[in-house]
Colleague: 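Dropping the structure in here first, questions after.
Side-chain atoms are counted along with the backbone in the values below, which use heavy atoms only and exclude waters and symmetry mates. Letters A, B, ... mirror the listed sequences (proteins, then strands); counts begin at 1.
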Amino acid sequence: MIRSRVGEAIVRAQAAGELPAVAVERVEVEVPADPAHGDYATNAAMMLARPMRMAPSRIAQTIVRYLDLRDSSLSEATVAGPGFVNFRLGDDFKAPTLQAVLGDPEHYGASRALAHRHVLLEFVSANPTGPLNVVSARAAAFGDTLAAVLECAGARVVREFYVNDAGAQVLRLGQSLRARILEQTGQPFVPVEQGYAGEYLVDVARAYLQEHGVPQEGADADRELGSYAVAAIMAGVRQDLLTYGVRFDSFFSERELHERGAVRDLLAELQARGETYAADGAVWIRTSAHGDDKDRVVVRSDSTPTYLAGDLAYHRDKLRRGFTELVDVVGPDHHSHTRTMEAGMRALGAPGRLRYLVVQHMRLVHGETAVKMSKRGGDFVPLTELVAEVGRDAARFFFLMRAHTSPLDFDLELAKREGQENPVFYVQYAHARIQSLLRQADAPQVNWSARDLDHPEERQLLVWLARFPEEVLWAAERMEPHRLTRYAQDLAGAFHGFYTRHRIWGEAPEVTARRLALAQATGIVLRRCLALLGVSAPDRM
RNA sequence: GCGCCCGUAGCUCAGUUGGAUAGAGCGUUUGACUACGAAUCAAAAGGCCGGGGGUUCGAAUCCCUCCGGGCGCACCA
């Protein structure tokens, strides 16, 4: 909004010949670090100083002169510092803000800004060979909230989990299940080499015996067992995701992809494009011609397709389903693969459609000391164990407090504490406090005006409420959902500050009424924000 | 060796694509409940933004180069 006003002012000034007619790039508007500098600011004048060959302060003054702030909720624009233009919200923003929040509590903050985007968001995609573990927890929280934020900003998003239910690992899983089944029949347990020795297969083995009895020998039977295990494990994975508050729209089977002939079609297309060649008994793709360090094998010398072939076929399928944008959330261990895949997509003639978000590693710590994340047998700590220990709210909030590009230390001790040092409780407490206030009695039916919310704390709180839609949009555009945890803390802080200084009940009826409205609106926005984060907003704590 | 992520207060981390006096939480210190939830609030101390060069009106941010920490470099998935 401010952006376009400033842009219009520049255009008018240029038309009037007061500013040189140079091309103007995107005008950036920011929230100043120091509230004394106003509610918003733009550095457009300084950005334009060089191309216009004018002093920033003169440009800023000209912009201000041509600025039209009518119908804008902005009251003043001033030139400050080396050439900033600072804006202050006028009283006009108060009533519309409260009205927007209270009038549509379920949608405040939502917009249609990204309605033109149709995103396939793939995340987690953990191997279906064991329960979801703590390594997936960060990506799951990140992906789920990213999807929610994108949707809130108007984008169409499909959340997809790629199930790697094809290939050698399923065979090994089947063999591992057989070993557990034999164990159930009284024979000694013999772990499969490179297999899965986790306890979780014991239950699966019991269920299998009950349903089917002792399986036949042979590789075909092993594969059958593998599929059975995948189905059982994935059922558990879905359940775990559900209790973690993570929703998927689609589980995409790699096996079905192969059965449908998608991999064969992909290879045919690559060949038709001249992007493959035979060498050493294998088929290679020319990824090095598209930015990868070397060419890669797509069909092994035993004529089975590699994972890369399957993944390329999968992403080709995503494009065929009509998505304009493919976003993959992966762990740091897939880093080198991203480069190969991007090269492969270029080879397919679809450059720039796939974007990888690499979520960095996390560590579990207990105060100062690191906690081992794998248990005996090499299995990682299950996600369910983390959730059982610290709770879903703390788990998700903590994972989302940091940028995904930063490694993260998850402090189990801090997450469990129910005190002021725990940011989750700080935010939730603000919400509970508000609900407690609203519970006290029915609001008196009196006329009140939002314009009278004049104390600095009241005004500041309103400013935070007004900013929520921008925060959501910003988080969506940048794909940085962690911004919202910060916003939640800032908003909660603004409320606590307001609450300590001002009484709500016991004042004149119109004062009580408008402060209640303010508190209620704050509660709504807190709940909206926490909902995006997948964190509950309790009425009592 | 090559590629990527990270290095900012004692600790964990933000820093809005190069802007104003570098911020927050925790921890530390000091204050504030005979009124709506003190799980809160107010204030203080704490920094060569890993080091060194460069780019320009201006650098935590961009470039180069070192130093440290992490991850990855398969006819595995």
Colleague: Which part of the nucleic acid, if any, lies within reach of A:Asp539 when heavy atoms closer than 4.0 Å are counted: base, sugar-phosphate only, or nothing?
Modeller: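 Base, at least one base atom sits under 4.0 Å.
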Colleague: Check this one for me: any side-chain N or O of A:Arg433 less than 4.0 Å away from OP1 or OP2 of B:rA38?
Modeller: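 Answer yes for this pair, as a side-chain N or O of A:Arg433 is under 4.0 Å from OP1 or OP2.
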Colleague: With a 3.5 angstrom cut-off on both distances, give the Watson-Crick or G-U wobble partner of B:rA24, or none if there isn't one.
Modeller: B:rU12
Colleague: Rounding to an integer number of Å, can you tell me how far A:Tyr314 OH sits from B:rA77 C1'?
Modeller: 15 Å
Colleague: In whole angstrom, what separates A:Leu484's CG from B:rA14's P?
Modeller: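 About 15 Å, once rounded to whole Å.
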Colleague: Could you tell me whether A:Arg58 atom CZ has more than 12 heavy atoms of other residues or ligands within 6.0 Å of it?
Modeller: no
Colleague: Taking the same atom, C1', in B:rA9 and in B:rA14, what whole-Å distance lies between them?
Modeller: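 Those two atoms are separated by 13 Å.
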Colleague: Output yes when A:Arg286 and A:Glu275 qualify as a salt bridge under the 4.0 Å nitrogen-oxygen rule, no when they do not.
Modeller: no
Colleague: Among B:rC73, B:rU12, B:rU40, which nucleotide sits nearest the side chain of A:Thr500?
Modeller: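 Among B:rC73, B:rU12, B:rU40, the one nearest the side chain of A:Thr500 is B:rU40.
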Colleague: In whole Å, I'd like the distance from the CZ atom of A:Phe498 to the C1' atom of B:rC36.
Modeller: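 The answer, rounded to whole Å, is 11 Å.
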Colleague: Taking for each residue the nucleotide of RNA chain B bearing the nearest heavy atom, is the 5' side occupied by A:Arg339 or by A:Gly497?
Modeller: A:Arg339
Colleague: Using distance alone, with no hydrogens and no angle criterion, decide if A:Ser406 and A:Arg402 have a side-chain donor and acceptor under 3.5 Å apart.
Modeller: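 No, A:Arg402 and A:Ser406 have no side-chain donor paired with an acceptor closer than 3.5 Å.
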Colleague: Any chance the side chains of A:Asp328 and A:His334 put a donor and an acceptor closer than 3.5 Å?
Modeller: no
Colleague: What interatomic distance, in whole Å, is found between C1' of B:rG15 and the corresponding atom of B:rA20?
Modeller: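 These two C1' atoms come out 14 Å apart once rounded.
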Colleague: If you only use heavy atoms from C-beta on, which nucleotide in B:rC75, B:rG37, B:rC73 is closest to the side chain of A:Tyr429?
Modeller: B:rG37
Colleague: Could you check B:rU16 for me: syn (within 90° of 0) or anti?
Modeller: anti
Colleague: Does the side chain of A:Arg363 get closer than 4.0 angstrom to OP1 or OP2 of B:rC71 through an N or O atom?
Modeller: no
Colleague: Does a side-chain N or O from A:Thr306 land closer than 4.0 Å to OP1 or OP2 of B:rA74, or not?
Modeller: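 Negative; the distance criterion is not met.
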Colleague: Could you work out the separation of B:rG47 and B:rC13 based on their C1' atoms and round it to a whole Å?
Modeller: 15 Å
Colleague: Any ion pair linking A:Glu480 and A:Arg483 (charged N to carboxylate O, less than 4.0 Å)?
Modeller: yes
Colleague: For the side chain of A:Arg296, starting at C-beta, report the closest nucleotide among B:rA77, B:rA74, B:rG37.
Modeller: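 Among the listed nucleotides, the one closest to the side chain of A:Arg296 is B:rA74.
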Colleague: Could you tell me how far B:rC62 sits from B:rU16 if I compare only their P atoms? Round to whole Å.
Modeller: 10 Å
Colleague: Does a side-chain N or O from A:His482 land closer than 4.0 Å to OP1 or OP2 of B:rG15, or not?
Modeller: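 So the side chain of A:His482 is within the cut-off, an N or O lying under 4.0 Å from OP1 or OP2 of B:rG15.
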Colleague: Using the P atom as the point on both nucleotides, what is the distance between B:rC76 and B:rG1, in whole Å?
Modeller: 28 Å
Colleague: With a 6.0 Å cut-off on ring centres, are A:His404 and A:His482 close enough?
Modeller: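 No, the ring centres sit 6.0 Å or more apart.
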Colleague: B:rU17 and B:rA32: how far apart are their C1' atoms, nearest whole angstrom?
Modeller: 43 Å
Colleague: Measure from the side chain of A:Arg402, starting at C-beta and using heavy atoms only, and say which of B:rU12, B:rC5, B:rA77 lies closest.
Modeller: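 Selected nucleotide (nearest to the side chain): B:rU12.
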Colleague: Report yes if at least one side-chain N or O of A:Gln440 is closer than 4.0 Å to OP1 or OP2 of B:rG37; otherwise report no.
Modeller: yes
Colleague: Whole angstroms only, please: what is the CZ-C1' distance between A:Arg486 and B:rG25?
Modeller: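 Distance check: A:Arg486 CZ to B:rG25 C1' gives 8 Å.
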Colleague: Less than 6.0 Å separating the ring centroids of A:His337 and A:Tyr307?
Modeller: yes
Colleague: How would you label the contact of A:Ala168 with the nucleic acid (heavy atoms, under 4.0 Å): base, sugar-phosphate, or nothing?
Modeller: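 No contact at all - A:Ala168 keeps every heavy atom at 4.0 Å or more from the nucleic acid.
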Colleague: Distance check: side-chain N/O of A:Arg300 vs OP1/OP2 of B:rC76, anything under 4.0 Å?
Modeller: yes
Colleague: Can you check whether A:Ser336 has a side-chain N or O nearer than 4.0 Å to OP1 or OP2 of B:rG72?
Modeller: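 For A:Ser336, the contact criterion (side-chain N or O under 4.0 Å from OP1 or OP2 of B:rG72) is not met.
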Colleague: Base, sugar-phosphate, or nothing: which does A:His361 touch, judged by heavy atoms less than 4.0 Å apart?
Modeller: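 No contact at all - A:His361 keeps every heavy atom at 4.0 Å or more from the nucleic acid.
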Colleague: Taking CD from A:Glu457 and C1' from B:rC36, how many angstroms apart are they, rounded to a whole number?
Modeller: 17 Å
Colleague: Over all strands shown, is A:Asp302 touching base, sugar-phosphate only, or nothing at heavy-atom distances under 4.0 angstrom?
Modeller: nothing
Colleague: Can B:rC13 be described as syn, meaning its chi torsion is within 90° of 0, or is it anti?
Modeller: anti
Colleague: If pairing requires Watson-Crick or G-U wobble contacts with both distances under 3.5 Å, which nucleotide is the partner of B:rG3?
Modeller: B:rC71
Colleague: Look at the side-chain N and O atoms of A:Tyr426 and state whether any lies under 4.0 Å from the OP1 or OP2 oxygen of B:rC41.
Modeller: yes
Colleague: Using a cut-off of 4.0 Å on non-hydrogen atoms, how would the nucleic acid contact of A:His502 be classed: base, sugar-phosphate, or nothing?
Modeller: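 Base contact - A:His502 has a heavy atom under 4.0 Å of at least one base atom.
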Colleague: Verify, without hydrogens or angle tests, whether A:Asp411 (side chain) and A:Leu414 (backbone) share a donor-acceptor contact under 3.5 angstrom.
Modeller: yes
Colleague: A:Leu308 near the nucleic acid: base, sugar-phosphate alone, or nothing, with a heavy-atom cut-off under 4.0 Å?
Modeller: nothing
Colleague: Is a donor from one side chain sitting under 3.5 angstrom from an acceptor on the other, for A:Tyr314 and A:Glu160?
Modeller: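 Yes.
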Colleague: Taking the C1' atom of each, how far is B:rU8 from B:rG69, in whole Å?
Modeller: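 Their C1' atoms lie roughly 15 Å apart.
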Colleague: Taking atom P in both B:rG46 and B:rA22, compute the distance separating them and give it to the nearest angstrom.
Modeller: 14 Å
Colleague: Would you mind reading off the distance between A:Phe397 atom CZ and B:rA14 atom P, rounded to a whole angstrom?
Modeller: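 Answer to the nearest Å: 14 Å.
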Colleague: So which nucleotide does B:rA42 pair with, by the Watson-Crick or G-U wobble rule with both distances under 3.5 Å?
Modeller: B:rU30
Colleague: Nearest to the side chain of A:Met541 - B:rA39, B:rG72, B:rC5?
Modeller: B:rA39
Colleague: If you assign A:Ser406 and A:Gly167 each to the RNA chain B nucleotide with the nearest heavy atom, which residue ends up on the more 5' nucleotide?
Modeller: A:Ser406
Colleague: I want to verify a distance call: between B:rG15, B:rA14, B:rU16, whose nearest atom is closest to the A:Arg478 side chain?
Modeller: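 The nucleotide sitting nearest to the side chain is B:rU16.
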Colleague: Identify which nucleotide among B:rC5, B:rA42, B:rA39 has an atom closest to any side-chain atom of A:Gln360, counting heavy atoms from C-beta outward.
Modeller: B:rC5
Colleague: Check whether the side chain of A:Ser436 and the base of B:rC36 form a donor-acceptor pair under 3.5 Å.
Modeller: no
Colleague: Measure the distance from NE2 on A:His335 to C1' on B:rC2 and round it to the nearest whole Å.
Modeller: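 Distance, rounded to whole Å: 12 Å.
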Colleague: Using atom CG of A:Asp165 as one end and atom P of B:rC76 as the other, report the distance to the nearest whole Å.
Modeller: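 A:Asp165 atom CG is separated from B:rC76 atom P by 19 Å.
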